Number of protein chains: 2
Amino acid sequence: MTINQNTFTGEYSYSLDAKGRVNIPAKFRNVLTAENDQSFVITRGMDPCVWVYPIIVWQSIEDELRKLSSLSQVNRSFVRSTVRYASSVQYDKQGRIAVSPNLIEYAQLEKEVLILGMVNKIEIWNPALLDSADKQSQEIDSSQFDELANQIIL
Amino acid sequence: MTINQNTFTGEYSYSLDAKGRVNIPAKFRNVLTAENDQSFVITRGMDPCVWVYPIIVWQSIEDELRKLSSLSQVNRSFVRSTVRYASSVQYDKQGRIAVSPNLIEYAQLEKEVLILGMVNKIEIWNPALLDSADKQSQEIDSSQFDELANQIIL
DNA sequence: GATTATTACCCACAACTACCCACAATGTAT
DNA sequence: ATACATTGTGGGTAGTTGTGGGTAATAATC
């Protein structure tokens, strides 16, 4: 029996090489379906990290965006901010994708990077930033955090 | 007659070998349904131990997580903390799963480990930690503990 | 159009993992 | 009591995975 399709979990420590390439963990590659192939959409995360979507997941986001009327200023602005930094990439024979200098700068990536599975997408972090970002948000919104934890039976 | 499906009970003493493998008790393997097959999700427990979910149980957790919008910072942080240390494993022909160095360190596992059935999941403990952890929490929250005990007819 | 920079593709290799087999200990059936 | 099956534990081997670098194709610059 196979894993849930397109579900990413776990944390992996990899290195960003001199050419700006990072490995996609083998476990993630196996999760992808045939339609997903080797195509991803890479973009800015809402946290200081890089988001990597399997193409199939990204397409469903695009479908949602299509529904938003351009008559609304907020809609226009939202679509713009969502799509602006997104570009499609494929992984090479060794399972690596290239991260653009833009994104490397945005997420402040250095040699050592942390790859996180986030259910339907993948995050690439500078390990130092991840810890502080998460600690912060859990402290600030600790009551909301607890509420979520109570709703979901682990 | 068989036990309830996917229900784990009892305690078993096993050894973690040099390659970081632990046996899944035969009694647990028999409890698994066909859909569960040999797939588990292994992750950090909320106590200093390792949690092992049958894949089917874990999927229901994932389904909840999928519903949380990534626009909310708390949601992102919550999803991250839930899936960060989770990864899927299968047991080999001898019925063993591999425990990652990360998790071994977190649960301070040594050669001798205790496997506990926890109804819908399995726990792997360093025996020394288990005793002290349980004693502690029952002392601190003894009134809450009694309340729970009253609710459930044993 | 020539030169340089960037990207994509390929190969190489060390480290690791998954798979297989072996065997002793325990449990079960005849 | 003996034979047989199951279970827990150890280790070897072949394939996979992560990482670096080289070369050719493409794009950018002068």
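Values in this document were obtained by computation on a predicted structure and should not be read as measured data. By convention in this document, chain letters (A, B, ...) are assigned in the order of the sequence lines, proteins followed by strands, and residues within each chain are numbered from 1.
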Rounded to whole angstroms, how far apart are CD on A:Gln94 and P on C:dA15? 18 Å
Are the side chain of B:Lys111 and the backbone N or O of B:Asp17 linked by a donor-acceptor pair below 3.5 Å? no
Side-chain contact, heavy-atom cut-off 4.5 Å: B:Gln59 with B:Ile55? yes
Give the ring-plane orientation class for B:Phe28 versus B:Phe8, where under 30° counts as parallel, over 60° as perpendicular and anything between as tilted. perpendicular
Flag this pair as yes if the NZ/CZ of B:Arg96 is under 6.0 angstrom from the six-membered ring centre of B:Tyr91 and inside a 45 degree cone about the axis; otherwise no. no
For A:Tyr91 and C:dC9, what is the distance between atoms OH and P respectively, to the nearest whole Å? 14 Å
For A:Ile42 and C:dT7, give me the distance from atom CD1 to atom P, rounded to whole Å. 13 Å
Return the orientation label for the B:Tyr14 and B:Tyr12 ring planes: parallel under 30°, perpendicular over 60°, tilted otherwise. parallel
What are the residues of residues 14-24 of chain B, sorted by number, that bring a heavy atom to within less than 4.0 Å of DNA chain D? B:Tyr14, B:Ser15, B:Asp17, B:Lys19, B:Arg21, B:Asn23
Grab the NZ-P distance between A:Lys93 and C:dC10 for me, whole Å please. 5 Å
Indicate yes or no: at least one non-hydrogen side-chain atom of B:Thr82 is less than 4.5 angstrom from one of A:Thr9. no
Take A:Asp47 and B:Arg80, measure what salt bridge (Lys or Arg N to Asp or Glu O under 4.0 Å) needs, and give me the verdict at the end. CA-CA 12 Å; A:Asp47 300 295; B:Arg80 214 173 279 133; 2.6 Å; yes
Side chains of A:Trp51 and A:Ile42 in contact at under 4.5 Å (non-hydrogen atoms): no
Under a 4.0 Å heavy-atom criterion, DNA chain D is touched by chain B from D:dT7 to D:dG12
Hey, what do you get for CG (A:Leu103) to CZ (A:Arg44), rounding to the nearest 0.5 Å? 7.5 Å
For A:Tyr53 and A:Thr43, what are the C-alpha separation, side-chain angles and deciding distance, and is it a side chain to side chain contact (heavy atoms under 4.5 Å, CB included)? CA-CA 8 Å; A:Tyr53 289 93; A:Thr43 187; 4.2 Å; yes
Note: contacts of residues 96-119 of chain A with DNA chain D (heavy atom, under 4.0 Å) are A:Arg96, A:Lys111
